[in-house]
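Counting begins at 1 with the first residue of the sequence. Hydrogens, waters and symmetry mates are skipped; everything else that's a heavy atom, side chains included, is used.
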Amino acid sequence: MTHTAAALPGRPRAGDRTRLRSRLFKNRRIVAGLALIVVLHAAALLAPWLAPYSPDAQVLTDRLKPPSRQHPLGVDHLGRDILSRVLWGARVSLAVGLVATLLTVVIGALFGLASGYFGAWIDGLLMRTTDVFLAFPVFILLITVVAIYGSSVWLLIIFLGLAAWPSTARVVRADVLSIAAREFVTAARAVGAGNGRILLVHILPNVVSVLVVAATLRVAIVILTEASLSYFGLGVPPPMATWGGMVADGRLVMDTAWWITTFPGVLVVVTVLAYNMLGDGLRDVLDPRRSLSRQ
C-alpha cells in the first residue's frame with residue numbers, strides 16, 4: 001500500500017525538473033529580471049561596506065551639493081550623502097517588500113487550499129471573508145491605519161501583508177478546485193491518505209508555481225505601495241532611509257537639486273520592473289496554456 005502511494009503522480013520527476021530548469025534559463029525576461037534582483041539585493045546586504053558614509057550623517061556645509069567624486073550621487077538638503085542613503089534605504093524597502101509578500105502568500109495559500117479542497121460551508125465562509133477584505137480600497141485603508149496607529153516598519157509590513165492576501169487566495173482556490181478533481185488525488189484517497197497528506201504532498205506542490213508567480217508580482221506592488229506611503233509621510237518614520245522617503249525629501253527642491261529625488265525614484269522603477277519581468281517570465285514558463293497561446 002505504501003508502494004502504491006509513493007507511485008502516485010503529482011510530483012515532478014527528475015527529467016521534468018531538468019526540462020523546467022532549461023526553460024527557465026532560456027527565458028530572457030527571467031534571466032534579466034533575476035540578474036537585476038540579485039544585484040539590488042546584494043547591494044542592500046552589503047550596504048554597511050559599500051556605503052561611503054553613515055546614512056544619517058549630516059554635514060550642513062555640503063547641503064545640496066550636486067554629484068561629484070566625493071559624493072557620486074550628490075547630497076540632500078540636510079547634508080546627507082545620497083549614495084549612502086540609497087544603499088541603506090534598499091535594505092528597508094526590499095525587506096518590507098519581501099516580508100510583507102511572504103505574509104500575503106502564506107495567508108492566501110492557507111485560505112485558498114482550505115477553501116478549494118474542503119468546499120461546502122468552509123468554502124462559503126472563507127470566500128465571503130475574502131470578499132469582505134476585497135471590498136476595502138487597499139491604499140485608503142493603509143493610509144487610515146497608519147494615520148490612526150502611527151508608522152513603524154513592522155506595522156507597515158503587517159498591514160501591507162494583510163491587505164493583499166485575498167487575490168492570492170482566489171487564485172490558489174481556483175487551481176485547487178481543478179487539482180482536487182484529478183485522478184491522482186482520487187487514488188491517494190483510495191489508498192487511505194489523509195486530508196493533511198493529500199494537501200501537503202499532492203496538491204501543494206502543484207500550486208507552488210502559482211504562488212511563486214503571485215509572490216514575484218506582489219513584491220513589486222508592495223515596494224511601490226511602501227514608496228507611495230513614504231512619499232506622503234505615512235511610511236517608515238524618519239530618519240530611517242527609504243526610497244519613497246528620499247523621493248519625498250527632494251520634491252520641494254526638484255528644480256535646483258534634481259538628484260535627491262531622481263536616483264531613489266529610478267531605483268524604485270528598476271526594482272518594480274525587475275520583479276515584473278521575473279513574474280511575467282515565470283508565468284509564461286510555468287503556465288503551459290500561456291506558453292501555447294504565445295506560439
Shortest non-hydrogen separation from [X] to [Y] and the atoms involved:
{"X": "A47", "Y": "L87", "result": "CB-O, 3.7 Å"}
{"X": "P166", "Y": "T130", "result": "CB-CG2, 3.3 Å"}
{"X": "L160", "Y": "V96", "result": "CD1-CG1, 3.7 Å"}

Do [X] side-chain atoms and [Y] backbone N/O form a donor-acceptor pair below 3.5 Å?
{"X": "R80", "Y": "D56", "value": "no"}
{"X": "S84", "Y": "P55", "value": "no"}
{"X": "T104", "Y": "G161", "value": "yes"}
{"X": "R218", "Y": "T101", "value": "no"}
{"X": "R251", "Y": "A248", "value": "yes"}
{"X": "S115", "Y": "G112", "value": "no"}
{"X": "W49", "Y": "L46", "value": "no"}
{"X": "S93", "Y": "A90", "value": "no"}

How many angstroms lie between CG in L229 and OG1 in T242, if you round to the nearest 0.5 Å?
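OG1 of T242 is found 10.0 Å from CG of L229.
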Could you check if a side-chain atom of [X] sits within less than 4.5 angstrom of a side-chain atom of [Y], using non-hydrogen atoms only?
{"X": "L211", "Y": "T168", "answer": "yes"}
{"X": "H77", "Y": "L252", "answer": "no"}
{"X": "L199", "Y": "L204", "answer": "no"}
{"X": "W258", "Y": "F263", "answer": "yes"}

Please verify the inter-ring angle class for Y275 with H41; under 30° counts as parallel, over 60° as perpendicular, anything in between as tilted.
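Y275 vs H41 ring planes: perpendicular.
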hydrophobic_cluster_shared for [Y] and [X], side chain cutoff 4.5 Å:
{"X": "I37", "Y": "V212", "value": "yes"}
{"X": "L83", "Y": "V269", "value": "no"}
{"X": "I203", "Y": "I122", "value": "yes"}
{"X": "L113", "Y": "M127", "value": "no"}

Run the ring-ring contact (aromatic ring centres under 6.0 Å, His included) check on W154 and F159 step by step: do they pass?
CA-CA 9 Å; W154 286 109; F159 280 104; over 10 Å; no
